[in-house]
Number of protein chains: 2
Amino acid sequence: MDDPRWLTPEQLHSWIRLVSVVELLPSILDAQLQRDAELTHFEYFTLARLSEAPKRTLRMTALSAATNASLARLSHVIARLERRGFVERTPCLEDRRATNSSLTELGWRKVVETAPGHVATVRDSVIDVLDQSDVADLDRIMGRILSRLDPTNRLRSWGAE
Amino acid sequence: MDDPRWLTPEQLHSWIRLVSVVELLPSILDAQLQRDAELTHFEYFTLARLSEAPKRTLRMTALSAATNASLARLSHVIARLERRGFVERTPCLEDRRATNSSLTELGWRKVVETAPGHVATVRDSVIDVLDQSDVADLDRIMGRILSRLDPTNRLRSWGAE
DNA sequence: GCCTTTTGGTTGTAGCGTCAAGTAACCAAC
DNA sequence: GTTGGTTACTTGACGCTACAACCAAAAGGC
């Protein structure tokens, strides 16, 4: 710790820009979704993962892995979404500790009607400023970073290396 | 909105990885700083920006720009840091609406002693998995994204394009 | 079979951020 | 010189997340 191996100017510059994106991006996504659908980005992301699952159903643990969330956080969020009628919880028969959460018809319609606006925001704020090779670079770099951030590799579904 | 111009598979893959980093990185940084210095990453970042300023002093508005924060958020944070003796607020003489916040000697020492551990975490979780050209790519890509996220270009100090 | 450990999930609480509202000072125009 | 509008900041309330404690069921150990 005596020699912290300080960052080079280039590394520091990149780092600060990354931190800025990490700080600013969530509020952009939250603002649009809140305005147009009264959802946080995390709520939308959760509904979206469910909508892609077989039978639009996942166990809490699987869903928490797919969304990078702790079980505690997910439990609170699912409770809110359940109150609003977007999600349903049912006990799992094979493992009676487990809970399945599944998208209701209302939840499915919510995702379908919310997706276009969200995608437009993602394009506007990120994707459309990048050309094809930028996208490839971004993918490679985020993959490398994720391999450190997510050592248990819960994200293997979309390949954190 | 009828044709949402859906993302290509490559774009979607990159996007999900970026979102994952955006979700996971803050908790890594917060965890280390909380454990070793009882600071949130945003508190540390704020102290660090102050420590680099001339006379270790900045106006609230300038500091909020440098940290990508709303004035309201910054006001709360500075209040906390002031209670702990790391920062001091003094009215600004030229413009009596404005407030200067400056690092105390205690705050300066806090930054100095906290920095090495933080840099080590930044290296571990991000920088050390990237080679020189990755760092350049990251810088370029984040710069492009920032030019959209931060249209008023408050970050021009470190050049969001 | 029992006992311990691990896994799966929920809940309460405390803390941070956002939003809306409020105050005070500056500025420009009439 | 006072009115209208903007800028700079603070404050309070509310909502979301993290953390810790909890319970129940499954899986091992022997």
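By the 4.0 Å N-to-carboxylate-O rule, B:Arg59 lies close enough to B:Glu94 to be salt-bridged with it. For B:Arg148 and A:Asp128, the salt-bridge test fails: no basic side-chain N is under 4.0 Å from an acidic carboxylate O.
Remark: C1' of C:dT18 and CZ of A:Arg35 are 16 Å apart, rounded to the nearest angstrom. As rounded to whole Å, 14 Å separates atom P of C:dG17 from atom CG of A:Leu24. Across the protein-nucleic acid pair, A:Glu38 atom CD and C:dC19 atom C1' stand 15 Å apart, rounded to whole Å.
Counting only heavy atoms from C-beta on, A:Met60 has its side chain closest to C:dT10 among C:dG17, D:dT10, C:dT10. The side chain of B:Ala98 lies closest to D:dC9 when the candidates are C:dA24, D:dT10, D:dC9. For A:Arg80, counting side-chain heavy atoms from C-beta on, the closest listed nucleotide (C:dT6, C:dA25, D:dT17) is D:dT17. Picking from C:dC19, D:dA26, D:dT7 the nucleotide with the shortest atom distance to the side chain of B:Arg97 gives D:dT7. Set against D:dT17, C:dT18, D:dC9, the side chain of B:Leu71 has D:dC9 as its closest nucleotide. For B:Thr99, counting side-chain heavy atoms from C-beta on, the closest listed nucleotide (C:dA25, D:dT10, D:dT17) is D:dT10. Of the candidates D:dT11, D:dA26, D:dA18, D:dA18 carries the atom nearest the A:Ser70 side chain, counting heavy atoms from C-beta on.
The closest donor-acceptor contact from the side chain of A:Asp30 to the backbone of A:His41 lies under 3.5 Å. B:Ser14 contributes a side-chain N or O that, together with a main-chain N or O of A:Val135, makes up a donor-acceptor pair within less than 3.5 Å.
For the OP1/OP2 pair of D:dC9 and a distance below 4.0 Å, the side-chain nitrogens and oxygens of B:Arg96 include no atom meeting the criterion.
Where B:His76 and A:Arg73 each meet DNA chain D at their nearest nucleotide, the meeting point lying more 5' is that of B:His76.
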